[in-house]
Amino acid sequence: MDLIKAIIIAIIEGLTEYLPISSTAHMGFAANLMGMQEDEFLKMFQVSIQFGAILSVVVAYWKKFFDFNNIKFYFKLAYAVIPALVLGYLFDDKIEAILGNQIAISSVLVLGGVVLLFADKWFKNPTIDDEKGITVKKAVTIGFWQCLAMMPGTSRSAASIIGGMTQGLTRKAAAEFSFFLAVPTMLAVTVYSIFVKTWGKETPNPQKGYEMIMASNDHIMIFVIGNVVAFIVALIAIKAFIGVLNKYGFKPWGWYRIFVGLALLIYFYFFK
């Protein structure tokens, strides 16, 4: 993998992971447009750089993550992530099959954009403005909403934020809980991708993903730089997103998804 292309992918991951526009779709489109070969290392790289994005949330909200007096916070996240762990494991093969279908992903991008255009009108009277008002039941419900993002192009962030708003959370509270929930979710996905998913029948090695990273100095450099870039960009994107969301709501992201989705539909349908 070319280092420059890897950095571009990492920048896209950092920018889009916490925005309601689907990081998976954007990384897939970018790799396709740059003519990158869809090999096992590329697939794993796109997942493993989520580790950098995970760290950005922990750093941005370090007081929350290291407040050991608030044990309920950790229980809420633990319960909320269970649906994604179970359903993700059960439907992993089906999700993998869709990842290469750019037409389907572009279509979902457009449909999700339409939903975001109306999201602010649907949830006008929120009653919960911080994490303390979220019960375990509400956390699990948000966790199930997050599972909608198993369809590539949906956006984990969009699904979990809207899920939070259905439970009476303000946009800001829903976005922040979505960030918190991303940490155990993405950590599980990253570990699964590196150490479990690459455990093939022909080469039954649970550390195959780790060995791909360590296969050469180039792979190590790409892995490290990719995570550092994703961390820095995601840290900036998180703060910017909260500001835009509070001021303008979901409409800018909805129109963005529709525009980009339609442009990509035209490109992949007529020119690929």
Side-chain angles (χ1 to χ4, degrees), residues 14-23 53-67 69-84 109 111-149 154-186 233-258:
L15 279 174
T16 60
E17 181 58 53
Y18 298 106
L19 305 184
I21 56 177
S22 179
S23 61
I54 292 170
L55 291 181
S56 70
V57 176
V58 175
V59 170
Y61 294 94
W62 67 272
K63 289 183 179 179
K64 171 65 67 175
F65 276 98
F66 297 102
D67 181 10
N69 293 321
N70 186 11
I71 299 299
K72 290 182 179 180
F73 171 70
Y74 303 105
F75 277 108
K76 291 173 187 177
L77 292 184
Y79 281 113
V81 79
I82 290 174
L109 204 61
L111 292 174
V114 173
V115 172
L116 290 184
L117 292 182
F118 298 96
D120 292 314
K121 293 183 179 180
W122 292 337
F123 310 107
K124 291 183 177 179
N125 301 305
T127 57
I128 301 171
D129 58 5
D130 61 31
E131 171 272 326
K132 292 180 181 179
I134 303 173
T135 64
V136 170
K137 182 179 178 180
K138 290 181 183 295
V140 172
T141 301
I142 296 170
F144 274 106
W145 273 87
Q146 178 180 236
C147 294
L148 293 175
T154 301
S155 169
R156 188 209 61 80
S157 177
S160 53
I161 291 174
I162 291 177
M165 292 173 70
T166 67
Q167 299 306 299
L169 277 67
T170 62
R171 289 192 302 239
K172 182 175 182 293
E176 290 185 345
F177 190 73
S178 171
F179 298 161
F180 301 152
L181 182 54
V183 174
T185 302
M186 288 164 30
V233 175
L235 196 58
I236 297 170
I238 287 171
K239 296 299 184 181
F241 173 54
I242 290 294
V244 173
L245 188 65
N246 279 334
K247 189 172 183 179
Y248 300 106
F250 285 106
K251 276 192 175 181
W253 312 107
W255 285 119
Y256 171 85
R257 286 180 64 119
I258 292 170

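When a residue number appears, it is its place in the shown sequence, counting from 1.
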Quick one: pull up [atom1] in [X] and [atom2] in [Y] and give me the separation to the nearest 0.5 Å.
X: Phe241; Y: Leu19; atom1: CZ; atom2: CG; result: 6.0 Å
X: Phe144; Y: Ile82; atom1: CZ; atom2: CD1; result: 9.0 Å
X: Ile142; Y: Ile134; atom1: CD1; atom2: CD1; result: 5.0 Å
X: Leu245; Y: Trp253; atom1: CG; atom2: CH2; result: 8.5 Å
X: Lys76; Y: Phe177; atom1: NZ; atom2: CZ; result: 7.5 Å
X: Phe75; Y: Asn70; atom1: CZ; atom2: CG; result: 11.0 Å

Could you report the tightest heavy-atom contact between [X] and [Y], atom names first, then the distance?
X: Pro83; Y: Ala80; result: CD-O, 3.3 Å
X: Ile21; Y: Thr16; result: CD1-CG2, 3.7 Å
X: Leu235; Y: Ala60; result: CD1-CB, 3.8 Å
X: Val58; Y: Phe65; result: CA-CD1, 3.9 Å
X: Glu17; Y: Ser23; result: OE1-OG, 3.0 Å
X: Met186; Y: Ala53; result: CE-CB, 3.9 Å

Charged tip of Lys239 within 45° of Tyr61 ring normal and under 6.0 Å:
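Checked: cation-pi criterion met.
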Heavy-atom side-chain contact between Leu169 and Glu176 under 4.5 Å:
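No, too far: nothing below the 4.5 Å cut-off.
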Counting C-beta onward and ignoring hydrogens, is there a side-chain heavy-atom pair between Ile162 and Leu148 closer than 4.5 Å?
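No, too far: nothing below the 4.5 Å cut-off.
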Ser160 and Gln146: side chain donor to acceptor below 3.5 Å
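Side chains of Ser160 and Gln146: no pair found under 3.5 Å.
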Is the count of non-hydrogen atoms from other residues, nucleotides or ligands lying under 6.0 Å from Tyr79 atom OH greater than 12?
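No, because the 6.0 Å sphere around OH of Tyr79 holds 12 heavy atoms or fewer from other groups.
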Near Lys64 NZ, under 6.0 Å, is it more than 12 heavy atoms from other residues, nucleotides or ligands?
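Yes - once you tally the heavy atoms of other residues, nucleotides and ligands closer than 6.0 Å, there are more than 12.
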Residue pairs involving residues 114-136 (criterion ring-ring contact (aromatic ring centres under 6.0 Å, His included); sequence neighbours excluded)
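Residue pairs passing ring-ring contact (aromatic ring centres under 6.0 Å, His included), neighbours aside: none found.
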Residues two or more places apart in sequence or in another chain: which of them pass salt bridge (charged side-chain N to carboxylate O under 4.0 Å, His left out) with Lys72?
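Per chain and number, Lys72 pairs via salt bridge (charged side-chain N to carboxylate O under 4.0 Å, His left out) with no residue.
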Treating Ser178 as the side-chain partner and Ala174 as the backbone partner, does any N or O pair qualify as donor plus acceptor under 3.5 Å?
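Checked: no pair found.
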Evaluation steps, side-chain contact (heavy atoms from CB on, under 4.5 Å), between Arg171 and Asp120:
CA-CA 9 Å; Arg171 289 192 302 239; Asp120 292 314; 3.0 Å; yes
Which residue in the set Tyr18, Phe73, Trp62 passes ring pair (Phe, Tyr, Trp, His ring centres under 6.0 Å) when paired with Phe180?
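Running ring pair (Phe, Tyr, Trp, His ring centres under 6.0 Å) over Tyr18, Phe73, Trp62 with Phe180 returns exactly one hit, Phe73.
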